Amino acid sequence: MKKLQVFILLAFCFSIASVAQVPRFAKYPIMETGANIYIPAEPTWEKSGSEDGSDVYTTEVTFANVNYGAIVVKFAENIGTNKTDWDNLLTNYVEFLSKDVFGFTNSELPGRGHTLDSNPDAIGMITYGIDKNGVEFAVKAWIDSRMLAVLYVSSGTEVNYNVQQLFLNGFRFPEK
């Protein structure tokens, strides 16, 4: 009986150790944009261009079977200060990504009104979705007059909420 108790205790300890993998976030620059991101591993950025001449930067890293990704658009021209226009652009971009890139088969309506302490002018929104393979996504998008950023966490298993929020709120716009 004592051997069984020791075995159960060891099995429990090993299962806790494997579940308790918590990523260590560090701040990394997004190429030459002046923006930064807190992410659990050094990202490799790919740069491309959009039809309007904006620069698009993408990355994705994996830690403990969880994907942490970002799509950052540096606008070719300042888009002005009308936050209703920002919100519309952000909504359209998130809807496009949800359907055409992430392939959500089920998703929540975006939650609006998110703010960043590091950039009080920026506005943000969050949504959650599931793709055809059952992979769950948390997507948070940020916009100001110069840049748009979409951060996402995806995994086939439950992700620690605090870790997820740390990443989704870990975008830093360039200083003005």
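Here, residue 1 is the first one in the sequence, and each next residue gets the next number. This structure is a prediction, so every number in the text was calculated from the model and none was measured.
For R112 (side chain) and D87 (main-chain N/O), no donor-acceptor pair under 3.5 Å exists by modelled atom type. For K83 (side chain) and D121 (main-chain N/O), a donor-acceptor pair under 3.5 Å exists by modelled atom type. Side-chain atoms of S155 never come within 3.5 Å of backbone atoms of E136 as a donor-acceptor pair (strictly under, hydrogens ignored).
In this structure, F102 belongs to a hydrophobic cluster whose other members, linked by side-chain heavy atoms under 4.5 Å apart, are V56, I71, V73, F75, I79, W86, L89, L90, Y93, V94, F96, L97, V101, F104, I123, M125, V135, F137, V139, I143, L148, V150, Y152.
The two atoms that bring S54 and A76 nearest to each other are OG-N, 3.0 Å, heavy atoms only. Between Y28 and A41 the shortest heavy-atom distance is CE1-O, 3.7 Å. Of all heavy-atom pairs spanning A122 and F173, the tightest one is CB-CE1, 3.5 Å. The minimum heavy-atom distance between A35 and M147, with the atom names listed, is CB-SD, 3.7 Å. Nearest heavy atoms, P40 versus P23: CB-CB, 3.4 Å. Scanning all heavy atoms of the two residues, the minimum distance from N36 to G34 falls at ND2-O, 3.7 Å.
Here the side chains of N119 and F171 are not in contact, with every heavy-atom distance at 4.5 Å or above. Looking only at side-chain heavy atoms (C-beta outward), N169 and H114 stay at 4.5 Å or farther from each other. Taking the side chain as every heavy atom from C-beta outward, D55 and Y57 approach each other to under 4.5 Å. Counting heavy atoms from C-beta outward, T33 and K47 have side chains that stay 4.5 Å or more apart. Taking the side chain as every heavy atom from C-beta outward, F167 and I37 approach each other to under 4.5 Å. Side-chain contact between E42 and V61 is absent, with no heavy atoms from C-beta onward closer than 4.5 Å.
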With side chain to side chain contact (heavy atoms under 4.5 Å, CB included) as the criterion, how do Y38 and R172 come out once you've worked through the C-alpha distance, each side chain's angles and the decisive distance to 0.1 Å? CA-CA 8 Å; Y38 286 88; R172 297 295 178 261; 4.1 Å; yes

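Distance check, rounded to the nearest 0.5 Å: NZ of K140 to CD1 of I126 gives 5.0 Å. Between atom CD of residue E175 and atom OG of residue S118 there is a gap of 9.5 Å, rounded to the nearest 0.5 Å.
Heavy-atom neighbours of E32 CD from other residues, nucleotides or ligands within 6.0 Å: above the threshold of 12. For N65, the CG atom is loosely surrounded, since the number of other residues' heavy atoms within 6.0 Å does not exceed 12.
For K99, there are no side chain to side chain contact (heavy atoms under 4.5 Å, CB included) partners two or more places apart in sequence or in a different chain.
Using a 4.5 Å cut-off between side-chain heavy atoms of Ile, Leu, Val, Met, Phe, Trp and Tyr, with links allowed through other members, V66 and I130 fall into different hydrophobic clusters.
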